[in-house]
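Reading through the structure tokens given below for one structure.
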Number of protein chains: 2
Amino acid sequence: MANIGEIETKPAKGTIETGRGDGLLIISDPVRGSAWICAQLRQAILEGAYAHGEKLPAERQLAQAYGASRTTIRAALGQLEQERLLTRRVGSGTFVNFRAPSDAEDIAEQTSPVELIEVRLAVEPHMVRLAVLNATARDLDRLAEALAKMQGGSADAEAFTEFDEQFHQLIAEATRNPLMLWLYRQINQVRGHSQWNEMKDKVLTGQRIAEYNEQHRALFDAIRARDVEGAVAIVTNHLYYARRQLLGADAA
Amino acid sequence: MANIGEIETKPAKGTIETGRGDGLLIISDPVRGSAWICAQLRQAILEGAYAHGEKLPAERQLAQAYGASRTTIRAALGQLEQERLLTRRVGSGTFVNFRAPSDAEDIAEQTSPVELIEVRLAVEPHMVRLAVLNATARDLDRLAEALAKMQGGSADAEAFTEFDEQFHQLIAEATRNPLMLWLYRQINQVRGHSQWNEMKDKVLTGQRIAEYNEQHRALFDAIRARDVEGAVAIVTNHLYYARRQLLGADAA
DNA sequence: CGGAATAGGACCAAACTTAGATCATGCGCT
DNA sequence: AGCGCATGATCTAAGTTTGGTCCTATTCCG
């Protein structure tokens, strides 16, 4: 909770030191104005100084705190509102609309298993398409290896989940698209923290593990055969299948 | 020039300190001149001492700080402006137009514009599908508002890019899926750092901006009409269209 | 000498800031 | 429900800052 009295005007931005040894040093007052105030508030929000949904001081109070006019404050707040970092409600106040991605655990806690599947349903079909088009022989080898381990390994839910994550991540790697891989790693991270884990044992019976393995096998065959639409169809069905069972488990 | 008047005869190696209480302090080498000042500022910018978009001190302040006339400062700034390192706006100030590569995230540097489009092509169609299914009336209002601003606003590449990002992020919000929103924010962040920015002006001609606006309009109409497949088709074409132009620009 | 760079102004128009007043809305209290 | 108060939204008028432009004098250097 940032109190009005202690709004900090950090001078850090003003010190500029050239790397050269000739001793030039400029210390300048940060240029104050709506842009500067906007930057200050943005940083505070992004750093998590304000919690999501927390109310900011009123405009008239901010104006006094920053020693600026209300118009200037409103310009800064308006900018932040456009950036969708703030929400303003007449009669109520100005509220933070940004959840600090503290550990990525936050986002995991807010995400239900079904929502996770929805996101995977968005990403993975096209991801598989890219993988089919761009996979190298080495990618295929690694996929085959993972698949062999998956089928040869134990059939408990824990081990299967791990293999499953690895398998899909290998597909992400096979896209040869660094952003795609990064994105899927993020999703996988959420997956690890998701409440999914708590219902895993209920959903992942031995029979279903076998079914999933079959689907993985089919997916791999399609990728190796460079069958784009076949692979896409398999992964889509794979995820719909998983979602259906999740909804079933929800209902149960 | 009152304080520096004594450096007429160049001191061999000594530095002269000109201190002022009103905000600027400079310890400067007596070797001045527009070229030297220009080099100093260029180095500061390239080193990332000023963030992208940050406001430089006003010309009159710089003149005082460097102990030079405004004419000289303007010569230096003019050079940097020609180098596209600065942007100047009457009534506002002089702003840095260079994104230091140091503060860019690894992933953003490794990602080409085409790869970015590929990822968006993976995420956005299903994202739109979810948005159509889950958007609240309030979401639609906000989309309409953004759209109106986009069409009423100026048609330069910079403004359009900003509105475009906001528009797609609003769609992400409309999915009511926190993970989806988080994911899209990550993508948007990469988008800001991508080399896309460097070819933006080349790709985003006035006519194409108008075309994109039309597509946005059509997309919004489909979402409002809850036309799932129509909306998905529009966004898919929208992205394929963008990718085609990107590849064209690459070839050119 | 003559040209180039710099210094030091004056003035302009655009953009921003200030300081108000007034309005509309939402919240809490009675 | 009604009332009072706090809050954001909007508008106005005047003042301030800022880059853009033009001018003249001075300094430096070949």
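Here is how names work: the chains are called A, B, and so on, in the same order as the sequence lines, proteins then strands, and each is numbered from 1.
- Only B:R70, B:R74, listed by number, bring a heavy atom of residues 70-79 of chain B to less than 4.0 angstrom from any atom of DNA chain D.
- Non-hydrogen atoms lying under 4.0 Å from DNA chain D are contributed by A:R88, A:R89, A:V90, A:G91, A:S92, A:G93, A:T94, all within residues 85-95 of chain A.
- Residue pairs meeting the ring pair (Phe, Tyr, Trp, His ring centres under 6.0 Å) criterion with at least one partner in residues 220-239 of chain B, sequence neighbours excluded, are B:H168-B:H238, B:Y212-B:H238, B:H216-B:H238.
- Residue A:S34 places at least one side-chain N or O closer than 4.0 Å to OP1 or OP2 of C:dT17.
- For the helix from C:dC1-D:dG30 to C:dT30-D:dA1, the rotation axes defined at the first and last 5 base pairs enclose an angle of 40°, given to the nearest 10°.
- B:I73 contributes atom CD1, which lies 11.5 Å from atom CD of B:Q61 (distance to the nearest 0.5 angstrom).
- To the nearest 0.5 angstrom, B:L179 atom CG is 6.5 Å from A:I187 atom CD1.
- Between A:E115 and B:R176, no side-chain nitrogen of the basic residue sits less than 4.0 Å from a carboxylate oxygen of the acidic one, so the salt-bridge criterion is not met.
- The only option from B:E165, B:E124, B:Q169, B:E173 that meets the side-chain hydrogen bond (donor to acceptor under 3.5 Å, both in side chains) definition with B:Y184 turns out to be B:E124.
- With B:E81 as the partner, the salt bridge (charged side-chain N to carboxylate O under 4.0 Å, His left out) test is satisfied by one option alone out of B:R42, B:R89, B:R88, B:R74: B:R88.
- With rounding to whole Å, B:Q64 atom CD is found 12 Å from C:dG9 atom P.
- For B:K55 and C:dA15, the NZ to C1' distance is 10 Å, given to the nearest whole Å.
- One finds a salt bridge joining B:D139 and B:R142 here, because a Lys/Arg side-chain nitrogen approaches an Asp/Glu carboxylate oxygen to under 4.0 Å.
- For B:D221, the side-chain hydrogen bond (donor to acceptor under 3.5 Å, both in side chains) test picks out B:R224, with sequence neighbours left out.
- With values rounded to the nearest 0.5 angstrom, B:L80 atom CG is found 6.0 Å from B:L41 atom CG.
- Residue-to-nucleotide proximity on DNA chain C shows that, of B:A35 and B:R60, the 5′-proximal contact is made by B:A35.
- Taking CG from B:L147 and CG from B:L170, the interatomic distance works out to 10.5 Å, rounded to the nearest 0.5 Å.
- Separating the CD atom of B:E59 from the P atom of C:dG9 is a distance of 17 Å, rounded to the nearest angstrom.
- For B:Y66 and C:dT6, the OH to P distance is 14 Å, given to the nearest whole Å.
- In this structure, the side chain to side chain contact (heavy atoms under 4.5 Å, CB included) partners of B:Q207, at least two apart in sequence or on a different chain, are B:T205, B:E211.
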